[in-house]
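Step one of this worksheet: look at the structure below.
These values consider heavy atoms only, across backbone and side chains, with no hydrogens, waters or symmetry-generated copies. Note that the structure is predicted; figures quoted are calculated from it, not measured.
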Number of protein chains: 2
Amino acid sequence: MAKLDFGPIADTTRRAEIVALLRRAILTGQLEPGQKLNELRISEQMRVSRAPLREAMRELVQEGILTSIPYAGTFVIEVTAKDIIDAYSLNQVLDEFAIERTWPLRDQRFFDELDRRHEAVKQATRAKDTTRQIETALQLHGLIYEWADNSVLLETWQRLTSRLQMYFALHQRARNEPVPAEDVHETYVALLKGSDMRAAQRHAREHIDLDFEELLSYARGLEKRASKN
Amino acid sequence: MAKLDFGPIADTTRRAEIVALLRRAILTGQLEPGQKLNELRISEQMRVSRAPLREAMRELVQEGILTSIPYAGTFVIEVTAKDIIDAYSLNQVLDEFAIERTWPLRDQRFFDELDRRHEAVKQATRAKDTTRQIETALQLHGLIYEWADNSVLLETWQRLTSRLQMYFALHQRARNEPVPAEDVHETYVALLKGSDMRAAQRHAREHIDLDFEELLSYARGLEKRASKN
DNA sequence: GACAAGCAGATTGTCGACAATCTAACAAGA
DNA sequence: TCTTGTTAGATTGTCGACAATCTGCTTGTC
């Protein structure tokens with residue numbers, strides 16, 4: 001018997017598809033922070049009744065990218081500078097932990113997958129597809145979490161990723177300029193292939209990809225704009 | 001004008017109450033791991049239609065204590081030894097981080113609240129109310145997360161707490177014997193009041209309250225029982 | 001007896017309609 | 001003018017019924 005892994009069949013509930021659609025719209029910034037989601041309007045656009053739509057929205061609320069106020073509505077979360085700082089600082093700690101756990105488990109398959117994802121980032125960069133660039137960069141970054149063999153850690157990372165992706169997308173949209181052409185992941189990948197775990201951890205802690213500094217300055221801009229209202 | 005803080009009004013949707021009811025039932029072990037939740041039966045018992053019940057269940061799925069398989073049902077998550085180990089090891093890392101962030105923010109109000117929660121644990125212990133003892137112990141433990149001034153960290157902790165509470169409740173149920181009478185939190189509280197942050201972190205990392213060792217041995221028992229099927 | 005097809009019951013997924021609540025505009029009174 | 005009460009419209013929360021899907025049993029065939 002060949003050990004062929006078929007994997008699970010796709011979820012074919014409307015709910016699951018709605019979740020995917022909404023999530024994508026939020027994470028790419030098509031739905032802006034603070035924006036209200038009108039159930040009737042969306043359900044008509046999607047040709048779906050409100051029941052599965054509402055269930056989908058509950059999931060995204062719990063996922064942390066929507067927020068719900070009873071009898072008032074469901075809204076895309078607002079993004080403050082503090083949120084970004086908080087998410088980033090937690091991400092640093094988790095990175096360190098993920099690298100520590102992944103380290104002894106690295107094997108050829110890990111290195112191959114690392115290269116594959118790195119290549120995907122470079123390709124998206126060449127194609128100037130900013131949305132895809134963010135996606136692939138986060139997937140590259142997520143490999144250490146998938147490899148760390150800790151399901152709770154992975155879940156936590158995935159929740160965090162949603163927000164990070166949203167933050168970066170907003171940032172890109174705001175500055176509205178082409179993404180950096182040079183490859184900022186070269187060092188990261190090289191360190192993960194190397195033999196100095198501490199160095200890899202230090203790098204993760206100090207220099208996150210996708211220039212975090214810029215993201216922060218964007219966040220501070222948001223803060224100022226918000227305080228004026 | 002007296003600066004009286006009224007705080008937000010209680011959510012009075014059926015959905016929110018159902019969430020609370022179900023969560024409590026799961027975390028106290030009244031609903032056992034792996035058990036299926038029959039929508040019709042539960043909605044009749046609660047005198048509620050299936051719509052809000054289903055929405056509540058979606059929330060708990062996303063919260064990580066239920067799992068859903070399309071057209072098959074929604075089930076209480078199974079608990080494996082690995083889950084417990086994973087949750088615990090992540091908890092160690094988060095504790096360290098939370099202590100680091102809380103440390104410079106400690107003030108009189110912090111110490112007062114620390115004592116208050118510690119007292120609550122002792123009281124539950126004296127009353128031999130095991131469920132409440134677990135709850136209060138986790139609340140005591142959660143103070144450093146509430147104080148760390150990092151919303152993402154707090155959310156992560158709350159998710160983790162759900163599972164930890166469930167694990168401990170299962171453990172207590174399984175061994176079915178009175179809880180330890182002596183106070184295991186004395187050292188923890190003292191260290192948090194002291195001036196040696198490293199020592200507090202080390203304590204959190206090495207000796208978690210509510211004897212984790214026992215919990216693990218229980219988890220290993222689960223593993224063995226499961227492998228027999 | 002083994003096995004596939006098909007049927008019946010139970011359960012989940014989805015729908016359309018109704019009830020409860022909120023918001024904003026307007027009117028009445030101090 | 002400011003406050004308070006009222007009302008209409010829109011939106012969310014909930015309900016009961018129907019459709020889609022799964023499960024286990026029965027039946028028929030070899």
Item to complete: Output the distance between atom CG (B:Leu160) and atom CG (B:Leu153), rounded to the nearest 0.5 Å.
Response: 10.5 Å

Item to complete: Note the angle between the end axes of the helix from C:dG1-D:dC30 to C:dA30-D:dT1, five pairs defining each, rounded to 10 degrees.
Response: 0°

Fill in: Whole angstrom value for the distance that separates P of D:dT12 from CZ of A:Arg50
7 Å

Worksheet item: Whole Å only: how far is the CG atom of A:Leu53 from the P atom of C:dG13?
Response: 16 Å

Discussion item. How long is the straight-line distance from CG of B:Leu31 back to CD1 of B:Ile77, given to the nearest 0.5 Å?
Written reply: 12.0 Å

Worksheet item: Among all residues two or more places apart in sequence or in another chain, which pass the ring-ring contact (aromatic ring centres under 6.0 Å, His included) test with B:Trp147?
Response: B:Phe110

Worksheet item: Thinking salt bridges, do B:Glu113 and B:Arg116 make one under a 4.0 Å N-O criterion?
Response: yes

Worksheet item: Any side-chain N or O of A:Ser49 less than 4.0 Å from the OP1 or OP2 oxygen of C:dT14?
Response: no

Worksheet entry | Whether A:Tyr145 and A:Trp157 hold their rings parallel, tilted or perpendicular, with breakpoints at 30° and 60° | parallel

Worksheet item: Hey, does the side chain of B:Arg14 come within less than 4.0 Å of D:dC15's phosphate (OP1/OP2), counting only N and O?
Response: yes

Practice prompt. Report the distance from atom CG of B:Leu21 to atom CZ of B:Arg14, rounding to the nearest 0.5 Å.
Written response: 12.5 Å

Practice prompt. Please indicate whether B:Gln158 has more than 12 foreign heavy atoms, meaning atoms of other residues, nucleotides or ligands, lying under 6.0 Å from its CD.
Written response: yes

Worksheet item: Taking atom P of D:dT14 as reference, at what distance in whole Å does atom CD of B:Glu55 sit?
Response: 7 Å

Item to complete: Measure the distance from CE on A:Met46 to P on C:dC15 and round it to the nearest whole Å.
Response: 12 Å

Response to the item:
Output for pair (A:Ile42 CD1, A:Arg50 CZ), nearest 0.5 Å, gives 11.5 Å

Worksheet item: Taking only side-chain nitrogens and oxygens of A:Arg58, does any of them come within less than 4.0 Å of OP1 or OP2 of D:dG13?
Response: yes

Practice prompt. When you get a sec, tell me which of C:dT14, D:dT14, D:dC15 is the closest nucleotide to the side chain of A:Arg15?
Written response: C:dT14

Item to complete: Taking only Lys NZ, Arg NE, NH1 and NH2, and the carboxylate oxygens of Asp or Glu, determine whether B:Glu135 and B:Arg132 approach each other closer than 4.0 Å.
Response: yes

Worksheet item: According to a strict under-4.0 Å criterion, is A:Arg54 in side-chain N/O contact with OP1 or OP2 of D:dT12?
Response: no

Discussion item. What does the B/S/- profile of nucleotides 5-11 of chain C look like, 5' to 3', with a 4.0 Å heavy-atom cutoff to protein?
Written reply: ------S

